[in-house]
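Everything on this sheet refers to the single structure shown next.
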Amino acid sequence: FQILNFKLKIMLLALFILAKHRQLISGHRQPAPKKILTAWQKLKNNSNIGKAIGLNLILNIFYCIIVLYLPLYLNRNLGFSWPKIGLMITIAMLPYLLFQIPAGKLADKIWGEKEILASGILIMMFSLIIIFLINQPNLIIWTIVLFFGRIGSAFKESMVETFFFKNVEAGDVNIINLYRSVMPAGWLIGSAVSALTLKYFELPAVFIVLTIILFFSLWLAFSIKDSK
């Protein structure tokens with residue numbers, strides 16, 4: 001885990017540079033070096049912030065691979081028509097409306113973010129394994145599987161957002177910019193990982209690779225300190 005911690009710090013530094021570069025080319029004034037140093041010092045002093053950024057990065061890697069390759073898999077490998085795929089994905093989006101607010105209330109009043117976050121990641125991993133194993137084009141079964149998987153990602157998304165903003169303050173603009181910058185970074189990494197996987201393996205293999213990536217996310221979830 002020391003190696004993983006080192007890699008996480010390098011990754012966060014790279015993302016921090018990306019955030020500053022994006023801010024510069026967008027025409028905004030670059031913050032003074034003292035402010036950048038202060039932001040980096042806070043990241044070092046509060047590991048929970050860095051872990052929340054890492055969790056957000058992996059979540060966006062998940063979104064990239066699922067959005068790009070799951071519909072292709074359903075269409076090309078299993079033979080679902082695009083209207084049916086659209087129907088399944090539409091139903092699968094409902095957990096973001098149904099479960100995120102209740103999950104937030106549970107995290108505030110009963111459990112902490114860690115428990116719900118870890119549960120969401122485990123659900124995501126389990127659903128990916130099911131996606132890899134099922135090869136029957138049954139509309140109902142696949143709709144249930146996709147719905148189940150989105151329950152996990154809805155839990156993770158809401159808990160990561162809640163946890164991050166409980167650990168930063170209104171003046172931590174640079175850190176918040178860094179957190180927001182991981183979305184394009186996650187999609188870039190997700191595209192690269194999936195392209196490399198498809199160079200050597202068939203399409204279903206990307207779901208196993210994504211499961212392995214989520215295992216690192218699970219480790220981050222268990223290592224955070226609840227803000228409850």
Side-chain angles (χ1 to χ4, degrees), residues 8 11-12 15 19 39 42-43 45-67 70 88-131 143-187 190 210-211 213-228:
L8 178 62
M11 177 182 66
L12 290 174
L15 290 173
K42 184 159 186 175
L43 279 173
N45 294 336
N46 188 347
S47 62
N48 278 335
I49 297 177
K51 290 172 182 177
I53 294 173
L55 286 163
N56 191 31
L57 176 67
I58 296 174
L59 178 63
N60 280 283
I61 294 173
F62 170 84
Y63 283 149
C64 171
I65 294 177
I66 288 296
V67 168
L70 183 57
M88 287 189 289
I89 292 176
T90 300
I91 296 174
M93 293 298 104
L94 291 177
Y96 293 101
L97 297 175
L98 299 176
F99 297 112
Q100 285 193 327
I101 294 177
K105 291 181 179 179
L106 285 173
D108 289 336
K109 297 180 179 179
I110 301 177
W111 301 319
E113 295 90 0
K114 179 190 292 188
E115 290 80 2
I116 300 177
L117 176 59
S119 299
I121 297 170
L122 286 171
I123 292 172
M124 293 164 70
M125 294 172 69
F126 186 61
S127 69
L128 286 170
I129 294 172
I130 295 176
I131 288 172
T143 301
I144 293 172
V145 171
L146 298 184
F147 185 89
F148 180 70
R150 290 306 187 277
I151 292 175
S153 57
F155 281 174
K156 182 179 181 181
E157 182 180 283
S158 60
M159 291 303 100
V160 171
E161 289 277 322
T162 301
F163 184 76
F164 175 77
F165 285 103
K166 282 184 177 180
N167 281 275
V168 296
E169 300 172 355
D172 297 326
V173 178
N174 294 319
I175 295 176
I176 295 173
N177 286 339
L178 173 61
Y179 178 80
R180 294 304 182 196
S181 296
V182 302
M183 183 180 73
W187 279 71
L210 185 53
T211 304
I213 294 173
L214 285 176
F215 181 80
F216 180 53
S217 186
L218 187 64
W219 172 76
L220 286 175
F222 280 122
S223 67
I224 65 174
K225 183 178 179 182
D226 260 330
S227 57
K228 182 175 179 296

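Residue numbers count from 1 along this sequence.
- Proximity of a side-chain donor or acceptor of N56 to a complementary backbone N or O of Y179 within less than 3.5 Å is detected.
- Within the 4.5 Å cutoff, the side chain of I58 has no heavy atoms near those of the I121 side chain.
- A distance of 10.0 Å separates CH2 in W187 from CD1 in I65, rounded to the nearest 0.5 Å.
- Between L57 and V182, the closest heavy-atom pair is CD1-O, 3.7 Å.
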- Kindly indicate, with the supporting measurements, whether the criterion side-chain contact (heavy atoms from CB on, under 4.5 Å) is fulfilled by L117 and F155. CA-CA 6 Å; L117 176 59; F155 281 174; over 6 Å; no
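- When every heavy atom of F148 is checked against every heavy atom of I123, the shortest pair comes out as O-CG2, 3.1 Å.
- The shortest heavy-atom contact between A103 and I116 is O-CD1, 3.3 Å.
- A donor-acceptor contact shorter than 3.5 Å links the side chain of K51 to the backbone of S223.
- E161 and R180 are joined by a salt bridge, as a carboxylate oxygen and a charged side-chain nitrogen come within less than 4.0 angstrom of each other.
- Among residues at least two apart or in separate chains, side-chain hydrogen bond (donor to acceptor under 3.5 Å, both in side chains) pairs with a member in residues 149-160 are Y63-E157, Y96-S153, Q100-E157, K156-S217.
- The minimum heavy-atom distance linking C64 with G190 is given by the pair SG-C, 3.8 Å.
- Between F147 and I91, the shortest heavy-atom contact is CD1-O, 3.4 Å.
- Looking at heavy atoms from C-beta onward, F164 lies in side-chain contact with I175 at the 4.5 angstrom threshold.
- Atom CG in L55 sits 11.5 Å away from atom CG in N60 (nearest 0.5 Å).
- Looking at every heavy atom in both residues, L59 comes nearest to M124 through CD1-CE, 4.2 Å.
- Note that the CG atom of L214 and the CG atom of L220 stand 11.0 Å from one another [nearest 0.5 Å].
- Counting heavy atoms from C-beta outward, L106 and M159 have side chains that stay 4.5 Å or more apart.
- Here the CD1-CD1 distance, from I89 to I66, works out to 10.0 Å after rounding to the nearest 0.5 Å.
- For the atom pair CD1 of I131 and CG of L146, the computed distance is 6.0 Å after rounding to the nearest 0.5 Å.
- Atom CE of M93 sits about 12.0 Å away from atom CG of L98, to the nearest 0.5 Å.
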